[in-house]
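Structure first, commentary second.
Because the structure is a prediction, the values reported are computed rather than measured. The chain is numbered in sequence order, starting from 1.
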Amino acid sequence: MLKKLLVIALLISQTACGKVASWYGKGFEGRNTASGYLFDPKQYTCASNAHDFGTVLRVTNKENNKSVVVVVTDRGSFKKKYGRDIDLSHAAFRKIANPNEGLIKVKIKVLNEKNTFKYKHGSPVFNAREYNKYVKK
């Protein structure tokens, strides 16, 4: 019984607190991501261990309700080591928060899992037309 109560309390606390996001960019530009794409901090991409490569996510800043649509192209060990759920590219983070904040509480919603892939090479193709398709939802 106590074990069940602890699990329920943990789930409630995670839901109430939300997810934590940060940004990355310096030192990673032009390097390969875990998916094989070259990292570009000006693109709307992210690193996530919870979602497949190519998954399209809407990340919403809980404090100001601003959101950004990103594609998962990278992985990271940031949850265990740093307590973060997702790392956004610098451009994506800047769209929803001031990069000087460092960490923000966010909601993460999956918009599309149809274009997932195991590995890819080059740069992610997520052009303005495709981006706007998800933003208007």
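Side chain of Asn61 to backbone of Ala97: no donor-acceptor contact under 3.5 angstrom is found. The closest donor-acceptor contact from the side chain of Trp23 to the backbone of Gly102 lies at 3.5 Å or more, if one exists at all. In this structure, the side chain of Thr60 does not engage the main chain of Ser67 through any donor-acceptor pair within 3.5 Å. Checking side-chain atoms of Ser89 against main-chain N and O of Gln43 turns up a donor-acceptor pair under 3.5 Å. Judged purely by atom type and a 3.5 angstrom limit, Asn32 has no side-chain atom pairing as donor or acceptor with the backbone of Leu38. With hydrogens and angles disregarded, a donor-acceptor distance shorter than 3.5 Å links the side chain of Asn64 to the backbone of Ile96.
More than 12 heavy atoms of other residues, nucleotides or ligands lie within 6.0 Å of CD in Glu101, so this atom counts as buried by the packing criterion.
Qualifying ring pair (Phe, Tyr, Trp, His ring centres under 6.0 Å) partners for His51, counting only residues two or more places apart in sequence or in other chains: none. Taking Tyr24 as the reference, Phe28, Phe39 meet the ring pair (Phe, Tyr, Trp, His ring centres under 6.0 Å) condition, with sequence neighbours excluded.
Side-chain contact between Phe93 and Val59: absent, with no pair of heavy atoms (C-beta onward) separated by less than 4.5 Å. Residues Thr73 and Thr45 form a side-chain contact, since some pair of their non-hydrogen atoms from C-beta on lies under 4.5 Å apart. Using a 4.5 Å heavy-atom cutoff, the side chains of Leu103 and Arg84 are in contact. You'll find the side chain of Lys105 reaches within 4.5 Å of the side chain of Val20, heavy atoms only. Taking 4.5 Å as the limit, every side-chain heavy atom of Val72 sits out of range of all side-chain heavy atoms of Asp52.
Within the model, atoms CG of Asn100 and CZ of Arg94 stand 12.0 Å from one another, a figure rounded to the nearest 0.5 Å. Note that the OG1 atom of Thr55 and the CD1 atom of Ile108 stand 11.5 Å from one another [nearest 0.5 Å].
Closest non-hydrogen pair, Val110 versus Glu113, comes out as CG1-CG, 3.4 Å. Across every non-hydrogen atom of Gly25 and Pro41, the tightest pair is CA-CB, 4.1 Å. Val68 and Tyr44 make their closest contact through CG2-CD2, 4.1 Å (heavy atoms, listed as atom of the first residue, atom of the second, distance). Of all heavy-atom pairs spanning Ile86 and Cys46, the tightest one is CD1-SG, 3.7 Å. In plain terms, the two heavy atoms of Ala91 and Lys42 that are nearest each other are CB-O, 3.5 Å.
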Problem set entry | Audit row: Asp74, Asp87, side chain to side chain contact (heavy atoms under 4.5 Å, CB included) steps and yes/no | CA-CA 9 Å; Asp74 209 356; Asp87 274 352; over 6 Å; no
